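So the structure is just underneath, and the comments pick up after that.
The structure displayed is predicted, hence computed values, not measured ones. Sequential numbering from 1 along the given sequence is applied to the chain's residues.
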Amino acid sequence: MSNILLIEPDYKNKYPPLGLMKISYFHKHVLGDHVRFTKGRLPAALAEAKWDRVYVTSLFTFEWAKTIEAIQYAKTLVDSIDKITVGGIAATMLPQQIYEETGIRPVCGLLNEPGKLGLPGDECIDQIVPDYAILDDIDYVYPFHDAYFLSATKGCGNKCGFCAVQTLEPQYIPYIDLKQRIAAIEEEFGSKRDLLLMDNNVLRSPNFDQIIDDIIAAGFGKGATYLNPKTGKRVRRYVDFNQGLDALFFTEEKARRLGEIALRPARVAFDHIEDLPTYERALRLCAKHGITELSNYVLYNSEAFGGKGQQYAADTPADLYNRMRLTLDIKDDINRSLPEDRQVTAFSFPMRYIPLTAHERGYVGSQWNAKFLRAVQCMLIPTQGKGVGSRSFFEADFGKNAEEFVRFLCMPDKLIAARGEFSLSSRGRGGEDPEALAARKAVWEKNQRKIREWNRLYQQLGDERTQFIALIGDNEFLPEKLLGAPSDLQKKLYLLYLTIPRTLALLGMVRSGSPTYDMLKGYICSEFPDLYQDMVELLSTSETQQQYMFQNFTQFFGRDGLADLLSALAPQDFRADRLLKKWHDACVKSGMGLVDFELIRVYTRYLDAEVLSPEERTAARRAILELDMPALAVLLSQRSRDFEAAVLASVAGEAGQELLNSTAQAIFRNIQCKLSQLLEA
């Protein structure tokens with residue numbers, strides 16, 4: 001008996017690693033080996049174990065870093081790399097690069113030929129029963145796990161330029177018996193609720209009718225239910241061709257047969273605007289035959305491709321918008337002629353194109369830019385992965401037309417997320433008190449002002465719009481890029497993309513008295529003061545701020561800026577000891593002497609000792625807010641002996657009184673020295 005380890009790299013994914021599940025069954029039930037599965041790394045208890053054979057799977061090439069990390073980890077678990085087998089999608093797409101980085105030659109494609117693993121019987125692995133038991137070895141829970149993971153066909157045959165199937169499954173196999181494998185899974189692991197079919201083009205099969213008959217015979221006819229063994233409740237069963245149904249191969253008869261099974265949803269790809277007639281015909285055939293839940297994959301960020309016997313142009317942002325809107329238009333038109341109990345839903349799932357050989361997700365198509373791609377991701381966050389199916393949500397989130405969609409794509413990400421009406425009840429905020437509600441509303445109102453301001457400036461761009469889109473297109477918003485913007489309008493608009501720390505960094509880059517200096521000061525202070533308030537709020541609340549932030553702010557805004565910072569601290573009676581210490585250090589470093597923040601810290605010590613009368617406290621606050629340090633020094637000096645007595649009284653009777661007294665005396669001497677210096681000045 002050999003000890004076998006199966007490793008799935010530590011990436012997030014919806015579906016269990018079907019290839020490893022089949023390899024596990026082969027080793028356990030054909031070869032009689034011991035098998036262990038892990039995601040990422042083994043638990044600490046098994047960290048020192050050595051293995052007779054290790055398998056590492058791979059998913060998409062853009063998970064390259066995690067895949068290579070898993071392979072390198074596997075090399076520490078064996079005494080020879082000959083005992084490591086690497087396979088899966090990325091390994092099949094980039095075998096030479098895997099070898100160059102790890103020294104291991106991957107196994108490419110399906111395990112359906114003898115000798116790929118060098119084990120007797122290894123040609124049967126692709127058609128073997130998956131081992132569901134290995135999923136209990138890990139804590140990670142796949143979103144889709146209570147299902148039969150099977151295929152009724154292999155391959156596709158369309159040879160689309162953007163698709164890996166022609167490499168992964170080059171031969172089209174028109175029929176694989178589902179019934180036998182479902183029966184085997186049930187016997188070994190119990191029944192599963194749903195049927196997830198991984199076919200890449202099931203509608204192409206000449207055995208399609210037989211496949212549908214097999215699905216029905218397996219208990220997945222329309223309306224099928226399942227008794228959950230854990231809860232005892234009966235729930236609906238579903239069939240999902242999760243790779244999609246090819247609209248090109250829809251016929252009246254095939255749609256009728258699909259309507260006989262518990263299909264949910266019917267996934268029909270709408271990858272290119274040129275496919276509209278074929279796509280619309282497929283949706284209408286589905287609805288005609290009682291398939292009420294429809295969805296589509298909408299590829300975007302793609303280049304010009306060949307496939308399905310024709311050429312497709314590189315898509316544009318307008319193409320993405322129009323395909324999603326057309327789905328809603330078709331759905332609404334279908335429902336006008338259907339009774340309420342047969343009306344259809346249709347959800348769009350935008351899928352960002354990434355080249356088959358990309359090592360990461362950062363690819364930008366020729367008709368897109370990084371800013372637009374990030375904006376689409378922001379727009380999809382509220383869907384929580386459920387797709388876009390509501391017209392009201394679609395128009396609010398993506399716009400009422402393609403031009404408005406592009407405008408939303410240009411908007412700063414933080415403002416994209418802030419659009420929408422204010423909700424009195426907010427998810428995750430159960431029992432929100434009135435004060436918290438008011439604070440949340442204040443933030444919402446500020447964001448609405450920023451959205452209105454951004455829209456106002458954006459609408460003024462006119463002929464500058466293309467130039468500005470090029471400025472923001474890399475999605476890297478840096479203060480030095482603002483300085484290079486060709487017009488004041490673009491500079492003002494660009495300010496709304498900068499974080500507050502970067503805005504503060506910008507203030508230190510602008511030469512005093514320059515046209516840009518005057519423009520920025522006027523815009524921030526008068527034209528749109530919310531930006532100024534944001535800076536004051538950050539500086540007066542964040543204890544982790546860098547010194548340059550305070551220095552740049554005070555040098556740019558001078559005495560008025562300092563007064564506003566202190567006004568922000570006034571409600572808490574200037575009790576912000578760490579902030580005041582940071583500001584003091586920044587003043588010492590820059591040589592600025594308008595305010596003595598150490599003296600303000602002394603004032604807070606007087607407050608703690610309760611030696612100031614209400615009138616004196618009011619006078620001290622006024623001196624601080626007016627930046628009148630001598631007046632504050634005089635007031636504190638007059639009560640210094642009372643302060644000393646109060647502090648000494650507070651430590652009386654404490655253990656280590658002598659040490660406390662000597663420490664207190666040292667503090668008093670420092671304070672007296674500080675007061676004397678100010679009074680003499």
Side-chain angles (χ1 to χ4, degrees), residues 411-412 414-415 442-443 445-462 464 467-468 471-472 476-542 545-570 579 582-583 586-587 589-595 597 624-628:
M411 187 176 284
K414 57 190 176 184
L415 299 186
V443 171
E445 288 172 342
K446 178 184 283 189
N447 283 328
Q448 302 318 297
R449 292 195 298 273
K450 289 180 179 178
I451 290 172
R452 289 192 295 272
E453 175 65 5
W454 183 88
N455 280 322
R456 182 183 75 84
L457 296 174
Y458 181 83
Q459 295 291 14
Q460 295 178 35
L461 283 173
E464 296 183 57
Q467 193 178 42
F468 184 75
L471 180 66
I472 64 173
E476 292 287 339
F477 303 107
L478 304 171
E480 52 267 31
K481 286 177 63 180
L482 180 145
L483 297 177
S487 71
D488 283 354
L489 174 61
Q490 292 190 45
K491 288 174 181 175
K492 291 177 183 180
L493 192 53
Y494 197 86
L495 263 181
L496 297 173
Y497 293 80
L498 295 179
T499 62
I500 299 306
R502 288 186 176 181
T503 302
L504 290 165
L506 170 70
L507 300 184
M509 299 178 182
V510 184
R511 181 170 52 84
S512 178
S514 67
T516 298
Y517 178 95
D518 293 337
M519 181 276 294
L520 287 175
K521 195 163 190 179
Y523 182 73
I524 293 172
C525 293
S526 303
E527 194 172 341
F528 193 61
D530 277 5
L531 292 178
Y532 180 77
Q533 291 303 321
D534 285 344
M535 287 186 272
V536 171
E537 181 179 351
L538 174 69
L539 289 169
S540 62
T541 58
S542 173
Q545 63 191 255
Q546 299 297 311
Q547 278 191 359
Y548 80 85
M549 298 180 185
F550 174 80
Q551 288 175 346
N552 291 354
F553 178 86
T554 52
Q555 287 171 1
F556 194 90
F557 296 108
R559 184 182 181 90
D560 290 341
L562 283 168
D564 288 333
L565 288 179
L566 290 171
S567 293
L569 298 183
L579 272 181
K582 279 182 176 289
W583 294 353
C587 287
K589 185 175 181 180
S590 64
M592 185 180 66
L594 282 173
V595 176
F597 292 105
I624 293 171
L625 292 174
E626 293 176 355
L627 312 189
D628 189 348

pair E453-K492: side-chain heavy atoms closer than 4.5 Å: no
Would you list the atom pairs, donor with acceptor, under 3.5 Å between side chains in residues 498-511 and any protein atom, with sequence neighbours excluded?
from : atom 1 : to   : atom 2 : distance (Å)
T499 : OG1    : R502 : N      : 3.3
R502 : NH1    : F477 : O      : 2.5
T503 : OG1    : T499 : O      : 3.0

Is the closest side-chain heavy-atom distance between K582 and Q547 below 4.5 Å? no
Donor-acceptor check, side chain of Q490 to backbone of A485, threshold 3.5 angstrom: yes or no? no
What's the separation between atom OG in S540 and atom CG in L579, rounded to the nearest 0.5 Å? 7.5 Å
Could you tell me which non-hydrogen atom of F550 sits nearest to which non-hydrogen atom of A586, and how far apart they are? CD2-CB, 3.6 Å
D534 vs K446, side chain to side chain contact (heavy atoms under 4.5 Å, CB included): CA-CA, chis, key distance, verdict: CA-CA 10 Å; D534 285 344; K446 178 184 283 189; 2.8 Å; yes
Taking the side chain as every heavy atom from C-beta outward, state whether I524 and F557 have any pair of such atoms under 4.5 Å apart. yes
Does E527 come within less than 4.0 Å of R456, counting only side-chain N to carboxylate O? yes
For the atom pair CD (Q448) and CG (L415), what is the distance rounded to the nearest 0.5 Å? 9.0 Å
How many angstroms lie between OG in S512 and NZ in K521, if you round to the nearest 0.5 Å? 7.5 Å
Check the angle between the aromatic planes of F468 and Y494 and answer parallel, tilted or perpendicular using the 30° and 60° thresholds. perpendicular
Please indicate whether K589 has more than 12 foreign heavy atoms, meaning atoms of other residues, nucleotides or ligands, lying under 6.0 Å from its NZ. no
dist L538:CG -> Q533:CD (nearest 0.5 Å) comes out at 12.5 Å
Point-to-point distance, once rounded to the nearest 0.5 Å, from CG of D564 to SG of C525: 8.5 Å
Under a 3.5 Å threshold, yes or no: a donor from one side chain and an acceptor from the other, between W583 and Q551? no
Using a 4.5 Å cut-off on heavy atoms from C-beta on, say whether the side chain of L496 contacts that of L457. yes
How long is the straight-line distance from CG of L471 back to NZ of K491, given to the nearest 0.5 Å? 11.0 Å
Test C587 against V595 for side chain to side chain contact (heavy atoms under 4.5 Å, CB included), laying out the working first. CA-CA 9 Å; C587 287; V595 176; 6.0 Å; no
Side chains of L520 and L495: does their closest heavy-atom pair fall under 4.5 Å? yes
Do the side chains of L461 and L493 get nearer than 4.5 Å, heavy atoms only? yes
For R559, give me all partners under side-chain contact (heavy atoms from CB on, under 4.5 Å), at least two apart in sequence or on another chain. L594, L627
Any side-chain heavy atom of V536 sitting closer than 4.5 Å to one from F553? yes
Ring pair (Phe, Tyr, Trp, His ring centres under 6.0 Å) contacts in which one or both residues fall within residues 503-530, not counting sequence neighbours: Y517-F556
Does the side chain to side chain donor-acceptor pair (under 3.5 Å) test come out yes or no for Q555 and S590, once each step is laid out? CA-CA 9 Å; Q555 287 171 1; S590 64; 4.5 Å; no
Sidechain N-carboxylate O distance under 4.0 Å for E476, K481: no
